[in-house]
Amino acid sequence: MTPSVKRAIQDIRQNRFLNAVTIITIALSILIVSAFALFFINTNDLMNAWKRGIRIMAYLKPETPQAEIPELKKKIQNMYGVSEARFISKEDALNGLKTHMKRQSSLLDNLRENPLPDTFEILMIASSQSWERVEMLAADIEKLSQVAEVEYGQRWLERFTNIFNLFRLAGYALGALFFMAAIFFVANTIRLVLYSRREEVEIMRLVGAADSFIKMPFYIEGLIQGALGGIIGLAALFVIFLFVSSNVPQDFSTGFFHIRFLPLPVFVAVIFSSMFVGWLGCYLSLKQYLKS
Amino acid sequence: MTPSVKRAIQDIRQNRFLNAVTIITIALSILIVSAFALFFINTNDLMNAWKRGIRIMAYLKPETPQAEIPELKKKIQNMYGVSEARFISKEDALNGLKTHMKRQSSLLDNLRENPLPDTFEILMIASSQSWERVEMLAADIEKLSQVAEVEYGQRWLERFTNIFNLFRLAGYALGALFFMAAIFFVANTIRLVLYSRREEVEIMRLVGAADSFIKMPFYIEGLIQGALGGIIGLAALFVIFLFVSSNVPQDFSTGFFHIRFLPLPVFVAVIFSSMFVGWLGCYLSLKQYLKS
Amino acid sequence: MIDSEDKSAIIRLFHVYRNYGVKHALIDITLDIFNNEFLFISGPSGAGKTTLLKLLYLAEPVSDGQILVDGLNLSRIPRKNIPFLRRKFGIVFQDYKLILTKTVYENVALVLEAAGEKRRLIHKKVKSVLRTVGMEQRLNSLPPSLSGGEQQRVAIARAVIGDPNIILADEPTGSLDVDAADLVMDLLKKFHTRGATVVIATHDKALIHKTGGRVVHLNEGRLQVTPEI
Amino acid sequence: MIDSEDKSAIIRLFHVYRNYGVKHALIDITLDIFNNEFLFISGPSGAGKTTLLKLLYLAEPVSDGQILVDGLNLSRIPRKNIPFLRRKFGIVFQDYKLILTKTVYENVALVLEAAGEKRRLIHKKVKSVLRTVGMEQRLNSLPPSLSGGEQQRVAIARAVIGDPNIILADEPTGSLDVDAADLVMDLLKKFHTRGATVVIATHDKALIHKTGGRVVHLNEGRLQVTPEI
Ligand SMILES: Nc1ncnc2c1ncn2[C@@H]1O[C@H](COP(=O)(O)OP(=O)(O)OP(=O)(O)O)[C@@H](O)[C@H]1O
Ligand SMILES: Nc1ncnc2c1ncn2[C@@H]1O[C@H](COP(=O)(O)OP(=O)(O)OP(=O)(O)O)[C@@H](O)[C@H]1O
Ligand SMILES: [Mg+2]
Ligand SMILES: [Mg+2]
């Protein structure tokens with residue numbers, strides 16, 4: 001063990017209260033920011049699951065020959081953003097309408113001929129979706145010679161997307177705010193801690209210690225505090241996560257989307273960021289005290 | 001001005017750095033918590049606007065005489081949670097269906113007789129809505145002798161409500177977390193500030209100052225810091241609010257719901273809470289230093 | 001030569017011990033300090049002089065034994081009455097214990113403010129006492145900008161401003177040159193003349209010889225009472 | 001009587017001034033301190049003794065004038081080299097300046113650690129120097145649990161442990177009884193004999209008379225050079 005590390009550990013022991021305060025502050029900040037990240041990741045999953053519900057219906061012209069269908073299908077499937085194109089013949093469509101209308105299906109029994117067109121139901125790739133992309137794709141499909149008309153989404157789906165964008169905007173604003181606040185709280189706590197130890201720093205300088213000698217243990221402490229704070233914060237988040245996710249309505253998490261914890265890379269990134277923040281807090285504060 | 005207030009003001013001047021740190025910490029905490037409150041208030045507004053879209057359709061039995069309609073309407077309107085019951089005759093319904101079906105409306109032209117029933121469209125009071133209430137009300141209406149069948153909402157509306165409940169649950173969890181964290185950060189900052197002033201407190205005690213004499217200026221400082229922090233935090237939130245709300249898609253805020261800032265009572269409550277937190281932070285920390 | 005006029009004890013110690021862990025700072029101290037006495041507690045570095053004073057104003061509790069101050073048993077004083085006990089004393093701390101963020105004026109005024117005195121009176125008294133110790137020019141200085149001796153003089157001013165019954169002075173002239181020390185001793189004698197009991201802890205034998213008064217000698221925590229000089 | 005054997009100046013002050021706002025703490029000081037000299041700076045409280053020492057180790061800059069230490073012009077030393085200047089000095093601060101959260105051992109060891117010494121050597125040296133000042137029993141005590149004199153002895157130990165070229169001691173015996181003071185002065189003389197330059201700031205005339213050496217007298221910031229005693 002190098003002398004600096006030894007001094008850092010000694011120092012942590014000698015200033016238990018101050019170290020505990022710093023570690024808890026970092027842990028809480030990490031908890032907040034990563035709770036936000038967790039919320040966001042899951043909301044995004046949810047949004048994608050929802051968007052998988054967006055489908056474009058392309059009604060074909062009545063005169064389209066059956067033979068062109070497979071080629072047309074291929075054409076649509078090769079378009080950018082399309083994940084699947086399912087052909088629904090006009091007979092299937094009528095049957096579907098009958099089941100769907102249930103109570104009013106009697107009025108369909110009296111038809112002389114099937115008035116419905118052949119249809120392609122087109123699903124989109126979740127990741128590449130936005131309301132604009134859906135519209136662009138729909139316009140492209142409409143340009144195909146066999147397609148009579150295109151219908152996509154319902155009014156509510158558009159509305160929902162708009163609402164979600166509002167959520168997302170507010171979410172980014174809040175997230176950025178929390179993130180900066182967390183950095184401030186940590187830097188600030190470290191600054192107050194060093195403020196209450198400024199005499200010690202001053203004495204070391206007076207007896208001939210170089211700035212690097214003085215700083216080193218503080219930096220190491222900052223890294224240790226950052227690592228501990230990050231681990232504690234994520235552990236706390238996991239406990240809260242378990243609690244919340246066990247309270248989510250069953251049909252929800254077993255349904256079309258699963259609540260999940262932070263993925264491993266994010267997890268590791270959080271710990272490293274936490275260590276970086278611990279170090280940075282020391283760096284900025286020490287710079288101030290060692291200036292003159 | 002009482003001596004304590006004078007001493008508090010002197011004290012703020014003599015410890016500018018420490019006071020600035022405390023005030024900024026309180027301001028940031030207030031900013032975070034009230035940003036969350038703002039987000040929540042608006043989301044709730046949005047949710048209510050959405051829910052106003054939930055309507056129960058009560059299809060009447062074909063044999064119901066026209067004469068019973070007004071009485072039935074009155075009956076439904078008096079039911080708990082109902083805001084409006086609108087009668088739609090079977091003719092109106094068929095016309096509506098024709099416009100709605102557009103492309104397929106040709107198939108309705110061939111009908112021998114109108115197969116649709118008379119209908120009541122029932123709107124609910126926004127505030128008293130939950131999925132359970134909608135279901136209860138629907139069940140009650142179905143019990144009416146003239147009612148053949150009840151239809152309410154669509155699958156997606158139920159789903160949306162579920163999603164929103166998930167949002168709400170996660171939101172409460174996050175909100176509670178932020179709130180506690182903010183309290184911790186403030187209490188902690190005050191504690192560190194008092195830690196760096198513990199010698200001063202100790203000296204005052206040694207020269208015969210009573211605890212109340214020592215505490216008073218700290219409390220007054222806490223209140224002043226709380227008030228200033230609260231005002232600064234809310235001002236910052238207002239600036240952020242202006243920025244975010246000017247970036248919200250136009251059809252949104254002009255549409256069925258308006259983004260709004262915190263209402264005045266909440267505003268005032270936040271300032272008072274902020275002062276309380278400032279005081280509480282001092283109280284808890286001083287209690288510790290004055291123990292032995 | 002200073003005479004103790006009143007022979008009733010104002011401070012009484014009975015078999016007092018003070019231990020820090022295994023270290024015995026004071027061992028079986030039994031001592032009466034009389035009303036209006038001028039007493040020196042002498043002894044080498046680490047003898048227990050400061051510890052003895054600390055026990056009197058309840059900065060620390062005794063490990064064993066009893067102390068009576070003005071008839072009050074210190075171990076029976078409820079927490080909330082400790083400030084009233086301390087106001088009987090004027091204390092010069094060995095390390096001064098000035099508040100570093102407050103000015104000289106505020107440091108000295110603190111004692112009277114804590115006792116609830118009026119601002120006007122405080123102002124007059126602080127100025128006058130600072131003049132006595134020769135610090136009237138430095139009212140608005142902060143302690144870190146004062147020399148060692150100047151800080152000590154402020155500490156002495158703070159100790160006597162409340163017109164205390166008992167003055168406890170721990171090395172009150174340690175940082176002072178002979179002239180300043182004489183000034184301070186004259187001040188303490190003046191308060192003694194006015195009826196105060198003065199207890200001075202010092203290792204400075206020259207000071208004791210010059211001033212006179214009863215001397216008790218501490219050595220490694222034990223008391224060696226010597227006859228009055 | 002102590003002789004200065006080598007007459008080349010190790011510290012030179014030319015027309016040095018130090019002002020704090022309107023206050024003139026040092027006025028036109030011109031002084032040579034010779035290699036291996038044993039010099040007393042005497043003067044009453046507030047004369048400027050501590051300020052003079054502070055200028056030497058660059059705790060504060062001069063307001064005007066020049067100071068050379070070991071041939072280096074202090075106003076030309078780049079910031080990053082200040083630690084090396086300070087390592088030439090062993091300093092006893094008037095207020096000790098011990099780190100309150102570190103043990104006696106750690107406080108003293110700090111100087112050698114900062115200079116990059118090996119742990120083994122540090123251990124040996126710290127123990128030996130603490131023995132010399134009679135504090136070998138208190139290695140693991142924190143400064144607040146030491147008596148005033150004990151703290152001062154630790155401060156002295158820290159000042160001499162680096163085997164400094166120049167020892168600056170500000171009232172090094174102010175909190176010590178006669179025996180402990182003699183011990184400390186003997187220690188300083190020993191370092192002087194080994195070749196160190198010793199500068200002692202004190203108001204204690206008795207100490208000066210007893211020890212001998214050159215004396216310069218400060219009064220209200222002005223130097224009055226008296227002939228060698
Ligand atoms: N809190 C403490 N913990 C451990 N030991 C202590 C504590 N306070 C004092 N001591 C020890 O008790 C002994 C007496 O200390 P005290 O301060 O009373 O000495 P003193 O007579 O005032 O000496 P000086 O003249 O050097 O000030 C010393 O050895 C000191 O180290
Ligand atoms: N930072 C400062 N600001 C203002 N005045 C100061 C400052 N430092 C020192 N002084 C003043 O300069 C004068 C000289 O102070 P210095 O500490 O050098 O005295 P000293 O000779 O060491 O006295 P003592 O024997 O009492 O320690 C004093 O009057 C002091 O108040
Ligand atoms: Mg003492
Ligand atoms: Mg001095």
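Convention: sequence-line order gives letters A, B, ...; per-chain numbering from 1.
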Return yes when atom CZ of F179(B) has more than 12 non-hydrogen atoms of other residues, nucleotides or ligands closer than 6.0 Å, and no otherwise.
-> no
Which residue pairs pass the side-chain hydrogen bond (donor to acceptor under 3.5 Å, both in side chains) test with at least one member in residues 20-41 of chain B, sequence neighbours excluded?
-> N188(A)-T25(B)
Supply the atom-to-atom distance S196(B) OG to R197(A) CZ, rounded to the nearest 0.5 angstrom.
-> 13.5 Å
Reported CG-to-CZ distance for the pair L177(A) and F178(B), which is rounded to 0.5 angstrom = 9.5 Å
Chain A contact via L38(B) - side chain, backbone, both or neither, heavy atoms under 4.5 Å = neither
Is there side-chain contact between Y195(B) and V193(A), with heavy atoms separated by less than 4.5 Å?
-> no
Between CZ on residue F184(A) and CZ on residue F185(B), distance to nearest 0.5 Å = 10.5 Å
Which residues share a side chain to side chain donor-acceptor pair (under 3.5 Å) with E199(B), sequence neighbours left out = none
Picking from L192(A), L31(A), I24(A), which has the most non-hydrogen pairs under 4.5 angstrom with chain B?
-> L192(A)
Point-to-point distance, once rounded to the nearest 0.5 Å, from CZ of R191(A) to OG1 of T189(B) = 12.0 Å
Can you say whether I240(B) sits under 4.5 Å from chain A via the side chain, the backbone, both, or neither, judging by heavy atoms?
-> side chain
